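A short write-up of the structure that comes next.
No hydrogens, no waters, no symmetry mates; every other heavy atom, side chains included, goes into these values. Computed from a prediction, not measured in an experiment: that's the story for all the values here.
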Amino acid sequence: MAPLIVMVVGWLVFRTLGATGRLKAAASTAGALRYALAIMFMFTAVSHFLPSTRGDMVRMVPPALPFPELLVTLTGLLEMAGATGLLLPATTSVAAYCLMALLVAMFPANVYAASAGIEIGGRVAMALIWRLPLQLVWIGALWWVGRVHSRARGRL
């Protein structure tokens with residue numbers, strides 16, 4: 001739930017900055033959402049490396065997958081790269097679509113964590129009845145940001 005809060009608060013802050021003329025790129029709803037998603041993905045990426053949550057993230061990797069520590073490191077780095085890519089106008093759309101694919105690829109870890117009752121940061125993993133719609137919200141937000149940015153740059 002923390003990533004959702006980070007995204008919503010980030011969107012409100014960036015939308016305010018855009019509406020007041022302090023950050024022109026956040027003047028639109030999608031523009032502010034682009035920044036909010038970048039902050040959220042950077043927030044979640046950091047959890048892949050913090051000593052207090054890294055072990056939990058490693059335990060989330062389904063047992064059928066090899067090298068869970070490497071996968072956690074890789075997904076954390078990919079989230080950081082995607083967050084950075086959202087902020088760069090030349091890579092915003094590609095980053096959005098790549099992060100969508102990453103969310104889909106990582107979803108089995110969320111399914112496993114929920115079904116196994118794994119704790120993440122001291123709390124039991126979010127139930128799938130909530131996690132799936134949340135994943136769809138993030139995928140939809142990324143799709144919208146990628147599409148709006150592509151149109152603004154004249155690529156669609």
Separation between [atom1] of [X] and [atom2] of [Y], rounded to the nearest 0.5 Å:
X: L37; Y: W138; atom1: CG; atom2: CH2; answer: 10.0 Å
X: L74; Y: E79; atom1: CG; atom2: CD; answer: 10.5 Å
X: Q135; Y: M100; atom1: CD; atom2: CE; answer: 12.0 Å
X: F14; Y: M7; atom1: CZ; atom2: CE; answer: 13.0 Å

Between I118 and Y112, is the side-chain contact (heavy atoms from CB on, under 4.5 Å) condition met? List the steps. CA-CA 8 Å; I118 293 173; Y112 175 71; 3.4 Å; yes

Are [X] and [Y] joined in one hydrophobic group, where the rule is that I, L, V, M, F, W and Y side chains link up if heavy atoms are under 4.5 Å apart?
X: M40; Y: L132; result: no
X: L78; Y: V104; result: yes
X: W130; Y: M106; result: yes
X: L86; Y: L102; result: yes
X: M126; Y: I139; result: yes

Heavy-atom pair of closest approach, residues [X] and [Y]:
X: F107; Y: L128; answer: CZ-CD2, 4.1 Å
X: W11; Y: A36; answer: N-CB, 3.3 Å
X: A96; Y: L142; answer: CB-O, 3.4 Å
X: T73; Y: F49; answer: O-CZ, 3.6 Å
X: A95; Y: G85; answer: CB-C, 3.5 Å
X: W144; Y: L33; answer: CE3-CD2, 3.6 Å

With a 4.5 Å cut-off on side-chain heavy atoms, are M80 and M42 touching?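 Contact flag for M42/M80 side chains = yes.
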
Please check this pair: side chain of [X] against backbone of [Y], looking for a donor-acceptor N/O pair closer than 3.5 Å.
X: R59; Y: I120; result: no
X: H48; Y: L77; result: no
X: R15; Y: A27; result: yes
X: T53; Y: S47; result: yes
X: T91; Y: V94; result: no

Decide whether T16 and R22 meet the rule of one side-chain donor and one side-chain acceptor closer than 3.5 Å. no

Passing candidate, side chain to side chain contact (heavy atoms under 4.5 Å, CB included) with I39, options T44, V6, L87: V6

Between Y35 and L23, does a side-chain contact (heavy atoms from CB on, under 4.5 Å) hold up when you go through it step by step? CA-CA 11 Å; Y35 285 98; L23 183 60; 4.0 Å; yes

